[in-house]
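A short write-up of the structure that comes next.
Computed from heavy atoms alone, side chains included, the values below leave out hydrogens, waters and symmetry copies.
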Amino acid sequence: MGSRVHRSQIDIVLGFGVALLLGWALAKGMSTSSAQVSPDFTMELPARVIAGVPLQIQLAANGFPAPVFRCSHSGIEVTPGGMLYWQVPVRGRHLIRLEAVNSSGMAIHLWEVQVEPAPQVRPLPVERLSGTSTEMRHSSRG
């Protein structure tokens, strides 16, 4: 007597095969849908930075396909993957236009940032201790 295969068993095997194929397609970066989504920025940027201190920030935006980032502000470089480099921020208030672009559209983020001077650090007064371990005299110089 031959074994009889039930329809539900075939459905399970086919379902498992489709799931494997779908998993493989996703792992290869293939889309399961042709729907495209315009970019939308998803990160917060600092409102204040220190003049002369190099800045490195990873920009982030949603969208499908993944967006490419751009910036045309003098002194700022942005890689297509969204890494922002500002080697020497100059004192003052800056309005910086950042763009995230894909085949479905573009998002613009206007970053208003105040570049402040580096804090002034005063040297601490030099203190000198003299005497023996049982008698200490304290004098301040500076």
Report task. Kindly work out whether a path of hydrophobic side-chain contacts (I/L/V/M/F/W/Y, heavy atoms less than 4.5 Å apart) joins Ile57 to Val49. Result -> yes

Query - Pairwise distance CD(Glu99) to OG(Ser72) - rounded to 0.5 angstrom - result: 6.5 Å

**Report entry** Pairwise side-chain contact, Pro67 with Val101, heavy-atom cut-off 4.5 Å (strictly under)
**Finding:** no

Requested in this report: Tell me, with the steps shown, if Ile76 and Tyr85 meet side-chain contact (heavy atoms from CB on, under 4.5 Å).
Outcome: CA-CA 6 Å; Ile76 295 179; Tyr85 298 98; over 6 Å; no

Query raised in the report: With no hydrogens and no angle check, is any side-chain donor or acceptor of Ser38 less than 3.5 Å from a backbone partner on Ser104?
Result: yes

Report task. Would you check, one step at a time, whether the test side chain to side chain donor-acceptor pair (under 3.5 Å) holds for Gln114 with Arg93? Result -> CA-CA 4 Å; Gln114 178 68 39; Arg93 182 165 296 283; 3.3 Å; yes

Report summary line: Value for CD (Gln58) from CE (Met43), rounded to nearest 0.5 Å, stands at 9.5 Å

Query raised in the report: Counting distance only, does the side-chain N/O of Asn102 pair as donor-acceptor with the main-chain N or O of Pro65 below 3.5 Å?
Result: yes

Query raised in the report: Do Leu45 and Leu59 touch side chain to side chain, with heavy atoms closer than 4.5 Å?
Result: yes

Query raised in the report: So do Met106 and Pro39 actually touch side chain to side chain, heavy atoms under 4.5 Å?
Result: no

Query - Worked verdict on Gln56 versus Gln87 for side-chain contact (heavy atoms from CB on, under 4.5 Å) - result: CA-CA 8 Å; Gln56 182 175 329; Gln87 293 304 318; over 6 Å; no

Query raised in the report: Are Glu116 and Arg91 ion-paired here, with the side-chain N under 4.0 Å from a carboxylate O?
Result: no

Query raised in the report: After noting the C-alpha distance and the side-chain angles of Leu84 and Trp111, does the key distance pass the side-chain contact (heavy atoms from CB on, under 4.5 Å) rule?
Result: CA-CA 12 Å; Leu84 179 144; Trp111 176 28; 4.1 Å; yes

Query raised in the report: Does the side chain of Trp86 reach to within under 4.5 Å of the side chain of Val78, using non-hydrogen atoms?
Result: no

Query raised in the report: At their closest point, which heavy atom of Gly52 faces which heavy atom of Pro54, and how far apart are they?
Result: O-CD, 3.5 Å

Query raised in the report: How about Val113 and Pro89: do any of their side-chain heavy atoms sit closer than 4.5 Å?
Result: no

Query - Among Glu112, His109, His73, side-chain contact (heavy atoms from CB on, under 4.5 Å) partner for Ile96 - result: His73

Query raised in the report: Rounded to the nearest 0.5 Å, what separation is found between the CZ atom of Phe69 and the OG1 atom of Thr79?
Result: 8.5 Å

